[in-house]
Structure formats: C-alpha cells, structure tokens
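Below: the structure, in structure tokens.
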Amino acid sequence: MKNQWAKSLTLIAAISVVMILNGCSTVVKRLDSGEVTDLSGEWNDTDSRLVSEEMIRDVLGRPWIGSFISDNGNRPAIIVGEVRNLSHEHINVATFINDMERELINSGGVDFVASKTERGEIREERKDQELNASNETVKQMGQEYGADFMLKGSINTILDSEGDEQVRYYQIDLNLINLADNRKVWAGQKKIKKLVEKSAFRL
Amino acid sequence: MNLGRLISNRDIARYALPFLLVAIALTQVACVSVTHDRGEIENYLLTQQPEKALTTLDNYKPEDRNKSLYLLDKAMLLQMQNRFEDSNSTFEKAKTLTKKLDAISLREQAAAITINDSQRSYLPQNFEQVLVHCFQAINYLQLQQYSEARVEILQLNELLKQKDDIQMPFARYLSGLVFEFNREHDNALISYRKAYQAYGSYNNAIPLMLKEDLLRLTDYLGLKQEHKKFLDEFELEVWPKQQAFDQQAHAVALVFNGLMPRKHRFEINVQSPSDGQLHRISIPFYEHRAVKVYRAELSSETTITNSELIAQLDEQARTALDNEMPSIIARTIARVSIKNTAVDKTREDSPLLSLALNIATFLTEQADTRAWNTLPQQILIMRLNLPAGTHDLKLTLSGSNLLGTIQTWPQVEFNKGKSRLFSYHWPESYVTQLKP
C-alpha cells in the first residue's frame with residue numbers, strides 16, 4: 001500500500017516536472033503565409049490579403065479602364081493615396097497598401113506611380129545625380145510620369161457585443177478618383193463579418 | 001529510511017492543509033519586500049527620478065498574478081520619461097493580458113475564498129482600464145499620430161458602453177479632444193456632450209474649456225437651441241468662434257499632478273475568549289494625499305494661460321473601492337467561516353495542529369492592497385491659442401513651495417488651425433491621513 005503511494009507520488013512529481021518544463025519552452029511552428037490563422041478575431045494578414053486581392057480584381061474588371069484606354073491610347077497610371085484607419089483597431093495600413101500595390105503592379109493592366117514618400121526620396125537622388133553623375137547617365141528633373149488616378153479609401157468597423165460574444169463588422173471602402181477632374185470612376189466595397197466568442201473561464 | 005514508515009497516508013492528508021497554509025503564510029511575509037519596492041519606487045517619483053523608479057521596478061520580477069500591475073506601472077514610468085512608443089507597446093501588453101484575465105479562473109477564485117484576495121491575478125479596475133486607453137491616446141497625440149489616438153478613443157468608447165456603471169468625465173472630454181485633432185467636429189461634440197453629462201452626474205464643476213468647446217461647436221454646427229441652452233447656463237460673455245479658432249494654432253498641455261494614494265489594510269484582530277482562536281478581518285482602504293502644485297501656467301513669447309482641474313483620479317479610485325466593498329466583505333466573511341470550520345475540525349484530531357492552522361489562517365488573512373499606484377492623483381489642463389508659426393513654450397508650476405518654470409518646449413512648429421498636445425508629470429505630494 002505504502003509502495004503504491006510512493007509510486008503514485010513519483011508519477012505525479014514526474015508529470016508535474018514535464019508539464020512545468022513544457023510550459024516554459026517556446027514552441028515555434030512554421031505556417032504557410034496563405035494559411036488562415038484567426039487568433040484574436042482582430043484584423044490580420046489574411047483579411048489584408050483577401051480584401052486587397054478582391055478589390056483590385058474588381059477595380060481592374062470595371063468599364064472605366066477600357067474607356068480610358070480607348071480615349072487616351074495608353075494604360076492608366078495609378079497612385080495609392082491615403083487609406084484612413086477609422087476602425088477600432090491599430091491596423092497596419094501600410095501592409096494593406098503594399099498588398100494593393102503589389103496586386104495592381106502585377107496585374108499588368110495599369111501603370112503604377114511611386115508614392116509621395118518614395119517620390120521625395122527619388123527626387124533627392126536625382127538632385128544628387130545632377131551634381132555627381134556623368135552626363136551620359138544623369139536622370140533629368142521634370143521627367144516624372146504623372147498619375148491619372150488616385151486610389152483612396154478607409155477601413156471602418158462596427159462592434160456589437162453582448163456578454164462573451166462580439167460581432168466584428170469591417171467595411172473597407174475604396175474610391176478611384178480622376179486626378180484631372182476629381183471624378184470618381186470606381187467605388188469598391190468589401191465587408192467582413194466575424195463572430196468572436198470569448199471564453200468565460202480560464203485556468 | 002522509508003518515508004512511508006514515518007508518515008501514513010492519513011497523516012499526509014491531515015497535515016497537507018496546515019502545511020500548505022503555513023507555507024502560504026511565509027510567502028505572504030515575503031510580500032513585504034514587494035511593498036518595500038513600491039515604497040522605493042514612490043520615493044524616486046516624489047523626487048522626479050522616473051528612470052530610477054523604472055530600474056527598481058524592472059529589478060522586481062513580478063509573479064504572474066501581479067503581471068498586469070507591473071505592465072501598467074512600467075508603461076506609466078516610460079511615459080514619464082517621454083518614451084511614448086515604448087509606453088504604448090507596454091500598455092498594449094497590459095491590455096492583451098487584461099482581456100485574458102477577464103475570464104474567471106476557478107483555481108484563483110478558490111484560492112481567494114480560502115486564503116485571501118491577493119491570490120487572484122490582478123484584473124485592473126474598470127476605471128483603470130479606461131485610463132489605459134486615455135494614456136495611450138495621450139501618448140499617440142504627443143507622437144502626432146492622431147489616427148492611432150482615434151483608435152484608442154473608439155476602444156475607450158466601446159469599453160464605456162460595456163461598463164455602463166462608470167462615469168469618466170475626463171475620458172469623455174479627451175475623446176472630444178482627439179476627434180477635434182482629427183477634424184471631426186460632429187463626433188467631438190457628441191463626446192463633449194457626454195463629458196458635460198458625466199461632470200454633472202458627479203456634481204463636479206464643468207471646466208471652462210469644455211464650456212467654450214460646447215458653445216463653439218454647437219454654434220458651428222448650427223444647433224441653435226442647444227447653443228442657446230448652453231449660453232444661458234454657462235453665462236459666458238466671451239467664447240471662441242470656430243472661424244477664429246481655425247485661424248489660430250493651439251497648444252494643449254496636461255499636467256499629471258501628484259500620485260495616486262496607496263491602499264492600506266484596516267485590520268480587526270480578536271481572540272475568542274471561549275477557545276482562544278485568533279480571528280482577523282482585513283479590509284483595504286486608500287490613504288489620503290495632498291498635491292503640492294495648485295496651479296500651472298502655459299506661456300509662449302506673448303501669451304499665457306492658466307490651468308484648470310479636469311480630473312480627480314483619486315476620487316475615481318475611492319468610488320471604485322466603495323463599489324467593490326460589498327463583494328470584498330462578502331468574500332471576507334465566507335473566508336473567515338471556512339477557515340474557522342477547518343480549525344475546529346482539526347482540533348478534534350490534534351490540538352497542536354489546530355493551533356498551527358489557526359496561526360496560518362490568521363496570518364494569511366490580508367486585504368488585497370494592490371492598485372495602479374503610478375497614476376497621477378489629478379489632471380490639470382490648459383489651452384494656449386497662438387498664431388501659426390514657431391514658438392517657445394514654457395510650463396510654470398505654482399504651489400506650496402513656489403516651483404517656477406519647470407519645463408520648456410523650444411521651437412515648436414504650429415500649423416494654422418492645428419493643435420499640439422504636451423504633458424508633464426509632477427508626482428510630488430504627501431500623505432495627509434493614514435486611516436480609513
């Protein structure tokens with residue numbers, strides 16, 4: 001009887017040690033970047049990727065692009081402007097914009113103009129070239145490609161909570177605006193709805 | 001020698017609880033060192049040395065149940081050193097942890113009902129959770145990241161919607177300020193209205209800045225009846241028109257004055273005349289503190305403005321404790337009853353063991369005095385209207401020992417119609433009353 005007790009005690013101690021050691025170690029598991037992983041229910045990489053893919057597919061499939069090419073004989077040049085985060089979360093808008101830029105550039109349907117920050121850096125480089133580069137390789141100022149359209153938008157959220165449940169509703173609105181006359185040639189919208197259930201108990 | 005020969009299974013079961021309680025009693029004694037650390041942190045803060053306070057805090061490795069408090073204190077000490085980004089990332093960690101702790105732990109509840117309330121993980125009080133968003137928004141405003149400050153305000157409003165038992169006028173007013181920084185006049189007015197209602201519900205004086213903002217925005221948004229109501233109520237002869245307001249730049253300064261009073265234990269210790277058993281009831285209470293700064297002034301080369309009180313956070317803390325007191329007392333009574341029953345049952349088997357258990361239960365009966373102690377006691381606000389351009393700003397504090405100019409912000413650029421926010425911590429204060 002007492003031996004049994006001692007064995008049980010040893011077993012419990014061994015399990016406890018294993019559990020403690022397991023709890024202390026960091027576990028890393030590599031995931032495919034396309035895999036959907038929802039941990040907190042907040043805006044994540046999957047939302048950013050899916051929204052940008054769908055929105056860009058929509059913008060490139062609408063009649064404005066054909067009209068522009070038939071009127072001007074060339075592909076439209078687009079620049080991405082501000083996408084305002086009006087949501088309840090600290091969303092990294094830069095990754096969302098990068099996702100959209102990538103989709104637009106890789107579509108081949110439009111030309112893409114560098115952003116305001118990037119242009120500033122490139123202008124600095126051109127100024128430097130005027131002083132330091134050879135005549136054969138120097139790039140002249142005033143030769144930039146002007147964008148025809150600006151893509152602007154916002155990310156909004158509506159939260160509805162009751163007890164341990166919360167519905168998170170995201171609405172992403174994007175507009176394509178003609179820089180020559182301020183006409184909106186395309187308005188896109190994507191909605192995402194998530195139900196997040198919080199556990200009422202923990203360890 | 002075989003352990004089993006010395007102690008039988010029944011003995012182990014019998015001795016387990018008293019030994020456990022004695023061990024916990026010893027750890028409770030060890031907690032005194034933590035209190036000493038808090039005293040050291042406070043001393044550094046009172047002498048304006050937040051960097052040393054942070055070093056002391058970091059030397060103290062918090063137990064898991066005190067991790068949220070550690071993060072809140074750390075975030076606040078980082079803010080005092082103008083490390084706004086670090087402060088916000090620490091506040092974010094505290095928020096994530098708070099969300100987890102919001103769920104009930106049966107293990108911790110059992111420990112709270114049998115040992116004491118400090119065995120539970122520290123879940124920040126509702127008003128502290130609101131203030132996390134406020135201080136994060138203030139950090140973002142100082143980093144001129146107005147959209148991010150807006151995110152905090154939306155989260156804050158969501159929290160206030162869920163916890164409808166708390167009225168935080170300062171949080172409402174700050175919401176309005178953040179919306180104005182983002183040029184959203186309609187949302188700002190909604191927040192200012194709620195701030196007005198919240199100040200009223202506390203019977204607090206409505207700050208002059210809020211009165212001016214309500215008059216300015218109701219006029220600008222064409223809400224004539226509401227504007228007239230505020231005009232009649234506030235009786236202000238002069239208030240800024242939005243058009244004039246947009247022609248100027250604005251420096252808003254916050255002074256975080258004093259230090260949140262600390263919690264102490266009020267204990268009643270008695271010995272039963274019939275069986276000699278020791279009993280203790282331990283209840284937390286806040287000490288009373290007084291600030292040393294009575295007034296602040298913000299000035300530029302040509303203009304000057306005085307501060308006004310916009311938040312009295314120690315009152316919020318006392319109200320929160322008063323509201324929690326019925327559940328604290330209920331748990332205390334239940335705990336005393338459980339402990340007494342255990343002592344009585346043990347006495348039948350072994351009087352010596354019963355005595356040990358009684359001493360252990362007596363020592364472990366301690367009120368939970370944990371709180372976010374690096375918070376300020378009150379908040380002063382002032383707004384300086386300036387012509388657009390570059391200005392040198394100066395903050396002057398006046399009080400019991402005539403402090404003078406303590407902070408300058410040189411060569412600050414202001415754009416027309418835009419506002420900038422600045423803050424300064426002055427924790428110096430003193431205890432005036434150490435009893436409930």
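- Other residues, nucleotides and ligands contribute more than 12 heavy atoms inside 6.0 Å of the NZ atom of A:Lys190.
- Heavy atoms of other residues, nucleotides or ligands lying less than 6.0 angstrom from CZ of A:Arg119 number more than 12.
- Enclosure of atom CG in A:Asn72 by more than 12 non-hydrogen atoms of other residues, nucleotides or ligands within 6.0 angstrom is indicated.
- Looking at every heavy atom in both residues, B:Ala103 comes nearest to A:Ser199 through CB-O, 3.3 Å.
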Exercise. Apply side chain to side chain contact (heavy atoms under 4.5 Å, CB included) to the pair A:Arg202 and B:Leu101, showing each step before the final yes or no.
Key: CA-CA 8 Å; A:Arg202 63 186 163 87; B:Leu101 295 178; 3.8 Å; yes
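- The CD atom of A:Gln166 sits 6.5 Å away from the CD atom of B:Gln162 when rounded to the nearest 0.5 Å.
- Atoms NE2 and CG, on A:His88 and B:Leu156 in that order, are 10.5 Å from each other to the nearest 0.5 Å.
- Contact tally against chain A (heavy-atom pairs below 4.5 Å) for B:Glu92, B:Arg107, B:Glu152: the top residue is B:Glu152.
- Within 6.0 Å of the NZ atom in A:Lys194, the count of heavy atoms belonging to other residues, nucleotides or ligands exceeds 12.
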Practice problem: Kindly indicate, with the supporting measurements, whether the criterion salt bridge (Lys or Arg N to Asp or Glu O under 4.0 Å) is fulfilled by A:Glu42 and B:Lys99. | Solution: CA-CA 13 Å; A:Glu42 294 189 349; B:Lys99 276 183 199 163; 3.4 Å; yes
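- Neither the backbone nor the side chain of B:Ile153 comes within contact range of chain A, judged by heavy atoms closer than 4.5 Å.
- Atom-to-atom distance recorded for A:Ile91:CD1 and B:Glu148:CD is 9.5 Å, nearest 0.5 angstrom.
- Separating the CG atom in B:Leu154 from the OG1 atom in A:Thr157 is a distance of 6.5 Å, to the nearest 0.5 Å.
- Between B:Glu158 and A:Arg168, none of the side-chain N atoms (NZ, or NE/NH1/NH2) sits under 4.0 Å from a carboxylate O, so this pair counts as no salt bridge.
- The OG atom of A:Ser87 sits 8.5 Å away from atom CZ of B:Arg150, with the distance rounded to the nearest 0.5 Å.
- The greatest number of non-hydrogen atom pairs below 4.5 Å with chain B, out of A:Asp164, A:Asn85, A:Leu159, is found for A:Leu159.
- Residue-level contacts of residues 179-192 of chain B with chain A, in order of numbering, are B:Asn182, B:Glu184; threshold 4.5 Å between heavy atoms.
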Exercise. Take A:Lys198 and B:Asp102 through the test side chain to side chain contact (heavy atoms under 4.5 Å, CB included) and record every step on the way to the result.
Key: CA-CA 9 Å; A:Lys198 243 181 4 178; B:Asp102 210 18; 3.4 Å; yes
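- For the pair A:Phe201/B:Gln109, no side-chain contact is recorded, criterion being any heavy-atom separation below 4.5 Å from C-beta on.
- Sorted by first and then second residue, the side-chain hydrogen bond (donor to acceptor under 3.5 Å, both in side chains) pairs involving residues 122-132 of chain B (not counting sequence neighbours) are B:Tyr122-B:Glu128, B:Gln125-B:Glu324, B:Asn126-B:Lys163.
- More than 12 non-hydrogen atoms from other residues, nucleotides or ligands lie less than 6.0 angstrom from CD of A:Gln189.
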